[in-house]
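Here's the structure we're looking at; comments come further down.
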Amino acid sequence: MSLLLMSDTHLPKRAKQLPARLLADLPRADVVVHAGDWVDVATLDLLEQRSRRLIGVHGNNDGPQLRARLPEVARAELGGLRFGVVHETGPARGREARCAARFPDLDVLVFGHSHIPWDSVAPGGLRLLNPGSPTDRRRQPYCTYMTATVADGRLTGVELHRLPPRPAR
């Protein structure tokens, strides 16, 4: 099972549209995960139309229309692994222990908010993944998203994809 992970798209404030490379990867993914801060409903509609399966949550910048359609925390069993998706996990310091305590029933937690890519394992084995943002790099050198594969109860091939810089507006 192939996964495409993204977060913090902030459309149309940070970019006019999702990057072409990410859009090209959508049909190849069995599951698309969005960890919040969509900002516009059109992005949710687009991903629902183009994804085989979409798992998403709302973020702190998402208004009432998105909050009405998306949960704060989503959970799904994918290929034998228990996944969770949430937007905010608090400060980087202590994140692994905090998330392991909050989500003891998960194998993988996908989160957003910081726009900073993250891949770590908490004590007890919880894998934490933040794909960064495909549209707003903030203090990072690149805009990013992730892909991964789930097979036989194992998460493999986790890859951070760096996107080329957008032309100046």
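The analysis underlying the following values was restricted to heavy atoms, covering all of them including side chains, and did not include hydrogens, waters or symmetry mates.
Summarising the geometry, atom CG belonging to L129 is positioned 8.0 Å from atom CZ belonging to F111; distances are rounded to the nearest 0.5 Å. To the nearest 0.5 Å, atoms NE2 (H34) and CG (L44) are separated by 8.5 Å. In this structure, L81 CG and D152 CG are separated by 10.0 Å, a value rounded to the nearest 0.5 Å. Atom CH2 of W38 sits about 9.5 Å away from atom CG of L46, to the nearest 0.5 Å. Rounded to the nearest 0.5 Å, atoms OG1 (T149) and CG (L155) are 8.0 Å apart. The line from CG of D37 to OG1 of T135 is 10.0 Å long, rounded to the nearest 0.5 Å.
Ion pairing of R69 with D62 is absent here, as no side-chain N (NZ or NE/NH1/NH2) approaches a carboxylate O to less than 4.0 Å. The residues R138 and D8 are annotated as not salt-bridged, no charged nitrogen and carboxylate oxygen being separated by less than 4.0 angstrom. D30 and R52 are joined by a salt bridge, as a carboxylate oxygen and a charged side-chain nitrogen come within less than 4.0 angstrom of each other.
Formation of a donor-acceptor pair under 3.5 Å by the S2 side chain with backbone atoms of R28 is found in this model. Looking only at distances, no side-chain donor or acceptor of H115 sits under 3.5 Å from a matching main-chain atom of Q140. Side chain of R67 to backbone of G59: a donor-acceptor contact under 3.5 angstrom is found.
Here the closest non-hydrogen pair linking L18 and T9 is CD2-CG2, 3.5 Å. Between G132 and T144, the shortest heavy-atom distance links the atoms CA-OG1, 3.4 Å. What you find for L54 and E48 is that their closest heavy atoms are CD2-CG, 3.7 Å. P131 and S7 make their closest contact through CG-N, 3.8 Å (heavy atoms, listed as atom of the first residue, atom of the second, distance). A100 approaches A122 most closely through the heavy-atom pair CB-CB, 4.0 Å. Closest approach of H87 to V57, counting heavy atoms only: N-CG2, 3.9 Å.
Relative orientation of the Y145 and H161 rings is parallel, given thresholds of 30° and 60° on the angle between their planes.
A 4.5 Å side-chain heavy-atom check between F83 and V150 finds at least one atom pair inside the cut-off. You'll find the side chain of R127 reaches within 4.5 Å of the side chain of D119, heavy atoms only. For the pair L109 and T89, the minimum side-chain heavy-atom distance is below 4.5 Å. Counting heavy atoms from C-beta on, the side chains of P141 and R162 never come closer than 4.5 Å. Side-chain atoms of F103 and R75, non-hydrogen and from C-beta on, do get closer than 4.5 Å to each other. Side-chain contact check for R14 versus V39: every heavy-atom pair is 4.5 Å or farther apart. Residues L23 and R50 have side chains in contact (heavy-atom distance under 4.5 Å, counting atoms from C-beta outward).
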Evaluate V108 against L78 for side chain to side chain contact (heavy atoms under 4.5 Å, CB included), listing each step before the verdict. CA-CA 10 Å; V108 180; L78 302 173; over 6 Å; no
Could you walk me through whether M6 and V32 pass the side chain to side chain contact (heavy atoms under 4.5 Å, CB included) check? CA-CA 8 Å; M6 71 179 90; V32 174; 3.8 Å; yes
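The number of heavy-atom neighbours closer than 6.0 Å to CD of E72, taken from other residues, nucleotides and ligands shown, is 12 or below.
Linking Ile, Leu, Val, Met, Phe, Trp and Tyr residues whenever their side-chain heavy atoms come within less than 4.5 Å leaves L26 and V33 in two separate clusters. Cluster annotation: L5 and M1 are assigned to the same hydrophobic cluster (Ile/Leu/Val/Met/Phe/Trp/Tyr, side-chain heavy-atom contacts under 4.5 Å, transitive). Linking Ile, Leu, Val, Met, Phe, Trp and Tyr whenever their side-chain heavy atoms come within less than 4.5 Å puts L3 and V85 in one cluster. Linking ILVMFWY residues whenever their side-chain heavy atoms come closer than 4.5 Å, directly or via other members, leaves V110 and L106 in distinct clusters. Under a hydrophobic clustering in which Ile, Leu, Val, Met, Phe, Trp and Tyr are joined whenever their side-chain heavy atoms come within less than 4.5 Å, directly or via other members, V121 and I116 fall into different clusters.
In summary, the side chains of N130 and S114 do present a donor paired with an acceptor at a separation below 3.5 Å, with no hydrogens or angles considered.
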